[in-house]
Novice: 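Structure in structure tokens, see below.
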Number of protein chains: 2
Amino acid sequence: MGSLTEENYIKSVYALSQATGEVYVSELAKKLDVKLPSVNSMMKRMATKKLVAYAPYKGIKLTEKGKKEALAIIRKHRLAELFLVKVMGLGWEEVHDIAEQLEHVNSSRFYERIDELLNNPKFDPHGEPIPDSNGKIHTKKRTSLIDLAEGLTATITAVTEDEKSFLDHLNAKGLQIGDVVIIKKRELFDGSITLQHKSKKEILLTHQVAERIWVEV
Amino acid sequence: MGSLTEENYIKSVYALSQATGEVYVSELAKKLDVKLPSVNSMMKRMATKKLVAYAPYKGIKLTEKGKKEALAIIRKHRLAELFLVKVMGLGWEEVHDIAEQLEHVNSSRFYERIDELLNNPKFDPHGEPIPDSNGKIHTKKRTSLIDLAEGLTATITAVTEDEKSFLDHLNAKGLQIGDVVIIKKRELFDGSITLQHKSKKEILLTHQVAERIWVEV
DNA sequence: ATAATATGTTAGATGCATCTAATATTTTAA
DNA sequence: TTAAAATATTAGATGCATCTAACATATTAT
């Protein structure tokens with residue numbers, strides 16, 4: 001097991017590499033709020049441990065071993081967030097910092113049990129997929145209604161909450177899985193969204209509701 | 001906030017001082033599985049931070065500040081253990097190592113919520129009192145039936161479980177709060193205990209049941 | 001009361017993770 | 001295409017937490 005610091009480096013390299021494939025020392029330094037030489041010296045150490053491939057003045061890439069570790073940490077982070085919300089009843093906005101700490105807990109039993117209690121969830125509440133215990137991601141990120149720009153057309157594929165009250169709410173609005181909608185207006189002020197429905201009706205959804213509706217464009 | 005290492009030193013000093021009041025470098029070194037000079041140099045550092053009072057060749061004592069930190073950690077440890085058992089359904093024997101990690105989580109919200117979910121518990125499942133959020137311990141350790149030697153007489157004062165099935169079990173055995181019992185025999189093999197009841201009947205309790213019954217001698 | 005034993009301290013080194021200051025390389029722009 | 005700007009590396013230092021080897025103080029036992 002690597003140190004806490006090492007785990008944070010791995011996680012950041014992974015996150016930054018998602019966009020570009022390669023990560024630069026300066027990006028990492030910024031993300032981790034340390035100076036360039038700290039990153040440089042850490043990369044040397046991590047390279048000898050075969051966690052990253054790293055050549056001077058070139059970009060940083062995770063090795064397979066590094067990627068596996070990154071995914072294990074991400075799995076723990078996302079399971080922890082979901083657990084804090086669903087089981088412990090904490091607010092979505094307050095769980096990130098706690099999950100940042102819980103992701104470093106070293107106990108397969110602990111996370112096995114969380115996974116069980118949550119019924120082997122596939123996505124966290126942001127639609128991000130949760131890697132399985134072998135570090136495999138089986139599905140792509142889901143897109144929520146709140147991720148779409150005005151004017152786009154999308155099909156509703158799923159919803160996060162399976163609580164009756166939430167489904168009742170959607171029914172009352174006349175929305176169902178499979179419906180095709182157009183994003184008419186996104187309100188910057190409160191994040192609410194107006195949809196154009198196939199039935200020609202306009203439907204207003206609050207941010208809170210819209211973020212729980214998954215779509216395909 | 002101190003480092004993880006520092007927190008572990010504080011906790012160990014507190015635990016060792018419970019018996020004797022003073023702690024010796026060699027005891028600490030043994031408990032933490034480090035060499036004497038490591039303890040010595042850590043004590044110097046912790047003394048400058050006013051966490052311990054420490055004079056060369058004399059014993060180590062926690063300051064008020066140190067005690068407060070120790071109790072905060074112990075509170076978190078005991079709440080975590082109880083949470084892992086009661087809420088997450090883990091076995092009592094497997095939670096200690098996880099709690100050793102969770103006790104270092106820095107989030108008052110997290111522990112506030114655990115405390116709520118457990119209904120502000122006063123004791124952990126071993127009868128150890130849980131300090132309150134100000135680091136005050138209001139009650140002494142409780143004694144369980146399994147802590148008593150053969151021949152002792154004791155009064156039953158409380159039980160851990162308030163599940164109906166457990167209380168039914170005690171009823172069926174003819175035991176109630178307030179009953180006076182004598183420890184007749186402790187079976188080393190399986191930890192079961194035979195009681196002499198006031199009704200003259202002999203009652204056999206398994207270890208599992210006996211450890212949940214609190215007594216006063 | 002002194003020698004032997006146990007316990008504790010100092011000195012000096014190591015690895016991790018960080019920093020500042022100085023230097024080198026790469027990219028970009030004049 | 002060379003100078004300026006941006007980015008990266010090396011050198012050398014610091015604090016934490018640990019170690020071994022050498023030395024110091026207490027305790028105990030003869």
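Since the structure is predicted, the reported quantities are computational estimates derived from the model, not experimental observations. Numbered from 1 within each chain, the chains take letters A, B, ... in sequence-line order.
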Novice: Going by side chain to side chain donor-acceptor pair (under 3.5 Å), name the residues that satisfy it together with A:K67, two or more places apart in sequence or in a different chain.
Specialist: A:E64

Novice: Mind calculating the distance between CG (B:N8) and P (D:dA17) to the nearest angstrom?
Specialist: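 To the nearest whole Å, that distance equals 11 Å.
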
Novice: If you look at every strand shown and take non-hydrogen atoms under 4.0 Å, does B:K44 touch a base, only sugar-phosphate, or nothing?
Specialist: sugar-phosphate

Novice: Let me check something: any side-chain donor-acceptor pairs from residues 32-42 of chain A under 3.5 Å, sequence neighbours excluded? List them with distances.
Specialist:
from	atom 1	to	atom 2	distance (Å)
A:N40	ND2	A:Y54	OH	2.7
A:S41	OG	A:R45	NH2	3.3

Novice: Is any NZ, NE, NH1 or NH2 atom of the basic residue among B:E27 and B:K30 found under 4.0 Å from an Asp or Glu carboxylate oxygen of the other?
Specialist: no

Novice: Can you list everything that forms a salt bridge (charged side-chain N to carboxylate O under 4.0 Å, His left out) with B:R109? Sequence neighbours excluded, please.
Specialist: A:E94, B:E112

Novice: Please state how far atom OH in A:Y24 lies from atom C1' in D:dA6, giving the value in whole angstrom units.
Specialist: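 Rounding to the nearest Å, OH of A:Y24 and C1' of D:dA6 are 14 Å apart.
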
Novice: OP1, OP2 of D:dA8 versus side-chain N and O of A:N40: anything below 4.0 Å?
Specialist: no

Novice: Spell out protein contact along nucleotides 18-26 of chain C as letters: B when the base is contacted, S when just the sugar-phosphate is, - when no protein heavy atom is under 4.0 Å; keep the 5' to 3' order.
Specialist: BBBB--BS-

Novice: Rounding to a whole Å, what distance do you find between A:M43:CE and C:dC16:P?
Specialist: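 Distance check: A:M43 CE to C:dC16 P gives 14 Å.
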
Novice: Counting just side-chain N and O atoms, does A:Y54 come under 4.0 Å of either OP1 or OP2 of D:dT9?
Specialist: yes

Novice: Taking side chain to side chain donor-acceptor pair (under 3.5 Å) as the test, write out the residues that go with A:E7, two or more places apart.
Specialist: A:H104

Novice: Please state how far atom CD in A:E27 lies from atom C1' in D:dA8, giving the value in whole angstrom units.
Specialist: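 For the pair A:E27 CD and D:dA8 C1', the rounded distance is 13 Å.
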
Novice: Considering only residues two or more places apart or on different chains, which pairs with a residue in residues 46-57 of chain B satisfy salt bridge (Lys or Arg N to Asp or Glu O under 4.0 Å)?
Specialist: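 As it turns out, the salt bridge (Lys or Arg N to Asp or Glu O under 4.0 Å) pairs with a partner in residues 46-57 of chain B, which skip direct neighbours, are B:E6-B:K49.
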
